[in-house]
Amino acid sequence: MPRPLVVANWKMHGSRPANAELLAALLAARPYAAEVAFCVPFVYLHETAATLAGSELRWGAQDVSEHAQGAYTGEISAAMLAECGCRYVLVGHSERRTHHGEGDALVARKAQAALGRGLTPIVCVGETLAEREAGDTEAVVKRQLSAVIHQLAHCAAEMVVAYEPVWAIGTGRQASPEQAQAVHAVLRAQLQAATGRAQAMTILYGGSVKPDNAAALFAQPDIDGGLIGGASLKAADFTAICRAAG
Ligand code: 13P
C-alpha cells in the first residue's frame, strides 16, 4: 500500500489573501499521516512555494504543455513548473478534456513531458453520465489510461492515477464507495498488467469528496486517497478530509 495522498485542486479559484489564509490553516493543522499537496493556479505557484517551503506539504499545477519550449503563447512548460518546486501536475482533468478539447493522445504526451522533468503526473480518467448509463464505464477509463501507459512505457509506474467520474464532479453526487472501488480495481489490474508494480502505485478518487463521505471512500482497498475540488477551498473541510485519509 502506498502512503495515502490527498491533493487539492483549486481550479480557477483563489486570491492572494484567501490563499494565504487557507494555507496557513492547513500548515497549522499539521501533521498529517497522508501526503498533502495543493494544485494551484499557475500565477500562485511562487507564493505557494514560498509559504510551504520547509514543510512536508507539496504543491503542483493543474496543467502543463506537451512542449519543452518555444512559440506556444500562453503555455507553461514542465521545466518552468519544476523551477517553481512543483512535485505534481494534473493532466487530463475532465474540465480540460471537455472545455479545451484535450484527447487521450495529448494527455499522454503531457504526462510524458511532466515525467521528463521529474514531476509526477496525476492522470485523470473518468466517464460521463451518458457513458456510465450506456454501460461503457470500464471501456472508457481503460482507453484513457491505456494511452498514457503506452506513451510512458517503462516509466508508467511513476504516474499517479485519479478516477474522477465526470457526473460526480462539482455535483454533490459522489460515486458510492462500492462504485468507486469497482473502477479502481479495474484500473489497478490494468496498471498491474502494464507495470507489474501496481500495488505500490497511487490511485486517487475525485468527485464530490466531502468530510462526511471521505472516510468510507478511503477505506476501500484500491482507493489510496483523494483529488478534492470544492471542499479543498474550505480549511476545515479539507483538513478533515486529509485526516480521513490516514
Ligand atoms: P469536486 O470535489 O468539487 O467535485 O471536484 C472534483 C475535482 O474535479 C477535482 O479535480
Side-chain angles (χ1 to χ4, degrees), residues 4-14 18-19 22 26 34-42 44-45 48 58-64 81 86-100 102 107 110-111 114 119-129 131-132 137 140-141 144-145 148 159-177 179-181 183-184 187 202-218 220 223-245:
L5 172 65
V6 181
V7 180
N9 174 10
W10 286 1
K11 308 191 180 186
M12 199 173 74
H13 293 289
N19 303 346
L22 185 55
L26 268 295
E35 176 160 345
V36 175
F38 300 84
C39 288
V40 307
F42 292 125
Y44 297 135
L45 276 172
T48 300
R58 303 293 165 203
W59 56 93
Q62 300 170 12
D63 185 31
V64 64
L81 298 182
C86 291
R87 169 156 305 182
Y88 296 104
V89 61
L90 306 181
V91 297
H93 192 282
S94 66
E95 288 150 16
R96 299 227 40 106
R97 293 180 191 259
T98 303
H99 305 312
H100 300 273
E102 295 193 7
V107 171
K110 289 184 172 202
L119 306 169
T120 298
I122 300 176
V123 177
C124 304
V125 300
E127 81 287 4
T128 63
L129 187 57
E131 288 165 340
R132 172 162 285 264
T137 297
V140 168
V141 298
Q144 292 172 330
L145 185 56
V148 183
M159 71 175 136
V160 167
V161 176
Y163 170 54
E164 295 207 310
V166 178
W167 48 271
I169 294 177
T171 58
R173 182 181 168 191
Q174 118 254 10
S176 71
Q179 282 176 319
Q181 165 58 27
V183 177
H184 279 234
L187 295 171
T202 301
I203 309 179
L204 307 178
Y205 169 78
S208 296
V209 179
K210 308 289 178 206
D212 62 359
N213 61 25
L217 286 160
F218 298 160
Q220 298 298 314
I223 299 183
D224 305 313
L227 179 55
I228 319 299
S232 76
L233 300 169
K234 298 177 193 145
D237 286 5
F238 191 56
T239 305
I241 292 168
C242 292
R243 296 228 186 286

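All heavy atoms count here, side chains included; hydrogens, waters and symmetry mates do not. In each ligand, atom 1 is the first atom listed, and ligand 1 is the first ligand listed.
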Side chain to side chain donor-acceptor pair (under 3.5 Å) partners for Tyr88, two or more places apart: Glu35
Result of checking Val148, Val160, Val91, Val161 against Pro121 for side chain to side chain contact (heavy atoms under 4.5 Å, CB included): Val91
Test side chain to side chain donor-acceptor pair (under 3.5 Å) applied to Glu131 - qualifying residues, sequence neighbours left out: Thr128
Protein residues that have a heavy atom under 4.0 Å from any atom of ligand 1, sorted by chain and number: Asn9, Lys11, His93, Glu164, Ala168, Ile169, Gly170, Gly207, Ser208, Leu227, Gly229, Gly230
Option from Ile169, Leu217, Asp212 for which side chain to side chain contact (heavy atoms under 4.5 Å, CB included) with Gln174 holds: Leu217
Ring geometry between Tyr205 and His184 (parallel below 30°, tilted from 30 to 60°, perpendicular above 60°): tilted
Pairs meeting criterion side chain to side chain donor-acceptor pair (under 3.5 Å) with involvement of residues 164-173, two or more places apart: His93-Glu164, Glu127-Trp167
